[in-house]
Structures are given as structure tokens and as C-alpha cells.
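Accompanying notes for the structure given below.
Quick note on labels: first sequence line is chain A, next is B, and so on, each numbered from 1.
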Amino acid sequence: DTEVTQTPKHLVMGMTNKKSLKCEQHMGHRAMYWYKQKAKKPPELMFVYSYEKLSINESVPSRFSPECPNSSLLNLHLHALQPEDSALYLCASSQEVSRGDQPQHFGDGTRLSIL
Amino acid sequence: AQSVTQPDIHITVSEGASLELRCNYSYGATPYLFWYVQSPGQGLQLLLKYFSGDTLVQGIKGFEAEFKRSQSSFNLRKPSVHWSDAAEYFCAVGARGGADGLTFGKGTHLIIQP
């Protein structure tokens, strides 16, 4: 069983919809991450949160809006997405951003399809 | 900036045979190295990690990996594969000093023949 929980597992939305992806961990980790993974490709980093503050935004379009309401939760708000945004969105957490020796723990992802 | 190369896109191995998946990294110092496995429709599961010390590291599911600084490699091995090992395998590097997420290789798709 994964220690990082992502909901929903699947999401189908139109280009004009607004939806949110949710991620939760209870391991006391203070670093949380969003990755985007296209089919047959490796995960690509989107955002990094450290102690609930955004520390890295990898030039992600503004139609993706991350939020970290507390140390256990990470949201990704979606609005006006494009068909090319269809992908698996993975959340991960680790002890601290500065602790590169600590592995990242991944959730099972949300499979997003844009119609 | 760090980078990771997994030269084999696909590898086919017979069940019970040994396995070696290759990984080469590029980094200015000794990196943090990881191997993850991803089954279809699943997230990534950590198999093992290397930071320092013993260059042969043991992981879960009978996997091991050896860090070779002279070759900038971190190859993953298993003495006898099982059909359940069929999956996508990613090598990843993390920067010392943190601040970044992981940089992944393109992955190796492992196929197990009966």
C-alpha cells in the first residue's frame, strides 16, 4: 500500500472545466512534489513545495495552479486545460527538499484525460 | 546539471534468467542514485538507493545495484527474474544540497518470457 494517497484515480474533464487533484501524506514529510508523466516517458517535475511554500515551478503553464494548505496536503487546481495535458499526474513526498539522500515516495497517480 | 542515461529502451529476459539494467549518470560530484519500478497504471516504487559507503546496495524484491564511480554507472541486477518483475524501470539521480526533484532516465521496459 502506498503511503502517498492521490484522488481521484481517474479524471475526465472538458477544456472549460475546473477540477482539482488531491494528494495526502502522513509521514511527516515537509517536501512535496507534482510530476507529470506522459505515456512511455519518465516523470517530469512540475512543482516543489518545501514547508508549505512553493520553491520550484518548472515553467508550468498558469492553467495548472498548485496549493499546499498544510504539511500533509497538496492540491493541483486545473482550469482550461488542453488535450496535450492528458497524462498521469504523480504526487511525491520526501523528508525535506534539502535532504537529497532521502528518497521520494510516490502515490499511484491520477490519470487525467482532457476531452 | 545532472542527467541520467538508460541505454536500453526494452529488454527481454526469460523467467529464471539473470537480469542487468544499465544506468549511467552525469554529475559533478558523487550523486544520490535511485532505482524505481513502475507497473502499468501504478506510481513509482523505490527499489533501492545509493548515497555513500558500500558500493553494492541491496534493495527490495531481490534486486541489487552497484555504484561504479570510474564508469559513472549504477546498474541494477537480479539473479533470477520472475514474471511479476515485468514493468518499467527508472534510474534517477538527486542533487546533493537538495532543492530539486529527481532527474529520471527515460526508463527501460522489461519483458519476461515464459
Using a 6.0 Å cut-off, check whether atom [atom1] of [X] has over 12 heavy atoms from anything other than its own residue.
X: A:Met27; atom1: CE; value: yes
X: A:Glu52; atom1: CD; value: yes
X: A:Lys18; atom1: NZ; value: no

Is it the backbone or the side chain of B:Gln42 that comes under 4.5 Å from a heavy atom of chain A, or both, or neither?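 Answer is both: backbone and side chain atoms of B:Gln42 are under 4.5 Å from chain A.
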With a 4.5 Å limit on heavy-atom distance, are the side chains of [X] and [Y] in contact?
X: A:Tyr33; Y: B:Leu102; result: no
X: B:Leu46; Y: A:His105; result: no
X: B:Tyr36; Y: A:Pro103; result: yes

So which atom in [X] and which in [Y] form the shortest heavy-atom distance, rounded to 0.1 Å?
X: A:Gln37; Y: B:Phe90; result: NE2-CZ, 3.6 Å
X: B:Gly105; Y: A:Pro42; result: O-CB, 3.1 Å
X: A:Leu90; Y: B:Gln38; result: CD1-NE2, 4.4 Å

How long is the gap from CZ on B:Phe34 to CD on A:Gln104, to the nearest 0.5 Å?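 That separation rounds to 7.5 Å.
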Cluster question for you: counting only ILVMFWY and a side-chain heavy-atom cut-off of under 4.5 Å, with indirect links fine, are [X] and [Y] together?
X: B:Val13; Y: B:Ile9; answer: no
X: B:Val57; Y: B:Tyr25; answer: yes
X: B:Ile111; Y: B:Trp35; answer: no
X: A:Val48; Y: A:Tyr35; answer: yes
X: A:Leu88; Y: A:Val60; answer: no

Under 4.5 Å from a heavy atom of chain B, the part of A:Phe47 involved: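 Answer is neither: A:Phe47 stays 4.5 Å or more from chain B.
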With a 4.5 angstrom heavy-atom cut-off, could you sort out which part of A:Gln6 is near chain B: side chain, backbone, both or neither?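 It is neither, since no heavy atom gets under 4.5 Å.
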Between B:Lys106, B:Gln45, B:Gln6, which has the largest tally of heavy atom pairs under 4.5 Å with chain A?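 Most pairs with chain A among the choices: B:Lys106.
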With chain B as the partner, which of A:Pro43, A:Ala31, A:Ser94, A:Gly109 has the greatest number of non-hydrogen pairs under 4.5 Å?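 Max contact count across the listed options: A:Pro43.
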